[in-house]
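Everything on this sheet refers to the single structure shown next.
Remember, it's 1-based here, ligands and their atoms both numbered in the order they're listed. When a residue number appears, it is its place in the shown sequence, counting from 1.
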Amino acid sequence: MERALAVIPGGVNSPVRAFRAVGGTPRFIASASGPWLTDVDGNRCVDLIGSWGPMILGHTHPDVLRAVHDAAMSGFSFGTPSENEVALAEAIVARVEPVEQVRLVNSGTEATMSAVRLARGVTGRSKAVKFAGCYHGHVDALLAHAGSGVATFGLPDSAGVPASAAGETIVLPYNDEAALAAAFAEHGDQIACLITEASPGNMGVVPPRPGFTQALRRLTREHGALLISDEVMTGFRCSAAGWYGLEGPYEAGPPDLFTFGKVMGGGFPAAAFGGRADILAQLAPIGPVYQAGTLSGNPVATAAGLATLRGCTPEVYARLDTVAHTIADAVDRELSAVGVPHRIQFAGSMFSVFFRDREVADYDDARDQDVPAFAAFFHAMLEGGVHLPPSAYESWFVSAAHDDEAVEAVLAALPAAARAASDSRDRMPG
Ligand SMILES: *Cc1c(COP(=O)(O)O)cnc(C)c1O
């Protein structure tokens with residue numbers, strides 16, 4: 001870590017990897033296999049970060065490894081069309097019914113940035129609506145009141161975003177239909193798009209209340225704005241068709257655009273945005289909205305993504321559900337046993353544990369929790385051989401490779417972690 005701190009800001013290449021919210025020094029991971037991480041000192045722990053979503057099949061899955069090896073043997077990048085990118089696009093279109101075409105990019109950030117640009121190009125309008133606590137990557141205009149690391153470190157917004165960019169963003173509380181209606185009544189004719197996490201996971205898991213997603217669809221349509229469903233985290237994880245597969249189809253109609261990332265890259269840099277073909281036809285080279293990428297559709301990354309999507313069988317989703325519920329039930333049991341207030345919320349097999357006792361419906365609720373209790377819980381879990389995301393505002397990610405041995409290891413670490421959370425509360429004044 002000292003070497004890292006000398007040459008990399010904060011020692012990390014993405015802020016959530018630092019332990020600043022929980023204290024201590026991050027583990028440097030040397031290798032990973034199935035549900036296990038092994039650090040440079042040789043300690044093994046159960047992984048509940050899953051690279052923040054991609055590792056749905058577990059680490060170094062043999063089929064994905066073979067696909068990567070075979071692809072790499074044929075060349076690393078061509079800068080010309082190649083077959084893997086078509087196969088991956090076909091796999092996405094086959095899984096998510098409203099998506100007719102996709103453009104491949106390298107990160108979720110690029111996907112949302114490009115989707116918003118496309119929406120602005122199509123509508124000729126400039127404003128974007130987003131929800132507080134939702135994270136859509138580090139796109140200038142979408143950093144306002146963002147989740148993920150921005151939430152973890154309690155940052156109001158990011159420096160370096162010009163007022164002109166931030167001023168085009170309208171930020172609303174999640175799950176609040178009245179606030180939404182008011183914003184569209186006032187600015188409706190200037191709003192290019194509303195972008196939302198399909199089911200938010202970056203302020204912890206905060207699913208839409210029944211009817212909320214439909215209300216987004218109705219209002220955007222009434223006002224001629226596009227609805228962008230950001231499925232970078234939920235896509236191909238909550239179900240084969242992502243959150244849309246669990247909650248859709250909607251009576252009010254599907255979102256216009258979707259963004260994907262994480263699982264669809266299988267641990268490599270691949271992401272996508274897509275939707276109706278008439279909208280995607282506005283992209284260069286056939287339309288006026290420019291969007292490009294030297295490594296977009298990279299043959300090795302697309303091979304990894306394709307092998308991962310193909311590996312996501314019904315049995316895999318069933319295993320994810322079993323593992324998630326087994327762990328969450330045990331967390332509930334152990335925290336209850338020591339009287340620590342908590343609330344566990346799910347979106348498919350994504351779940352998070354809030355250290356408060358009431359529903360979390362929006363970002364204000366998520367922030368109203370006992371973060372020091374989480375930090376104590378986190379470190380006791382790590383001590384017990386389980387690596388949680390180092391933030392109270394993140395989903396826990398399980399994989400289909402979490403076998404009974406890995407699940408038992410998590411259950412074994414929980415009692416001491418629950419006691420640590422309880423002890424941290426006893427130390428609190430009042
Ligand atoms: C992770 C994430 C992003 C950003 O993806 P990167 O690949 O980190 O740029 C965007 N939206 C959501 C919902 C995410 O969870």
>> I'd like the name of whichever of E197, M233, K262 reaches closest to atom 2 (C) of ligand 1 through any heavy atom.
In response: K262
> Considering only protein heavy atoms, which is closest to atom 9 (O) of ligand 1, and at what distance to one decimal place?
Replying inline: T109 OG1, 2.6 Å
>> For residues 65-84, which residue pairs pass the salt bridge (Lys or Arg N to Asp or Glu O under 4.0 Å) check, not counting sequence neighbours?
In response: D63-R66
> What residue and heavy atom of the protein are closest to atom 11 (N) of ligand 1, and at what distance?
Replying inline: D230 OD2, 2.7 Å
> Can you tell me the protein heavy atom closest to atom 3 (C) of ligand 1 and the distance?
Replying inline: V232 CG1, 3.7 Å
> Applying a 4.0 Å heavy-atom criterion (strictly less than), which segment of T259 is in contact with ligand 1: side chain, backbone, both, or neither?
Replying inline: neither
> Under 3.5 Å, N or O to N or O, is H136 touching ligand 1 that way?
Replying inline: no
> Just which atoms of ligand 1 are under 4.0 Å from any heavy atom in S107?
Replying inline: 7 (O), 9 (O)
> Which residue holds the protein heavy atom closest to atom 7 (O) of ligand 1, what is that atom called, and what is the gap in Å?
Replying inline: G108 N, 2.8 Å
>> Within the 4.0 Å heavy-atom shell around G137, which atoms of ligand 1 are there?
In response: 3 (C), 4 (C), 10 (C)
>> Tell me the closest heavy-atom pair linking M1 and F28, and the distance in Å.
In response: SD-CE1, 3.6 Å
> Can F212 and F131 be said to form a ring pair (Phe, Tyr, Trp, His ring centres under 6.0 Å), step by step?
Replying inline: CA-CA 13 Å; F212 186 67; F131 295 110; 5.6 Å; yes
>> Closer than 4.0 angstrom, basic N to acidic O: yes or no for R358 and D365?
In response: no
> Polar-atom distance check: Y135 versus ligand 1, any N or O pair below 3.5 Å?
Replying inline: yes
> Do T326 and T322 come close enough that some side-chain heavy atom pair is under 4.5 Å?
Replying inline: yes
> side chain to side chain donor-acceptor pair (under 3.5 Å) with T213: which residues, sequence neighbours excluded?
Replying inline: E247
> After noting the C-alpha distance and the side-chain angles of R217 and D256, does the key distance pass the salt bridge (Lys or Arg N to Asp or Glu O under 4.0 Å) rule?
Replying inline: CA-CA 9 Å; R217 176 65 289 181; D256 301 292; 3.0 Å; yes
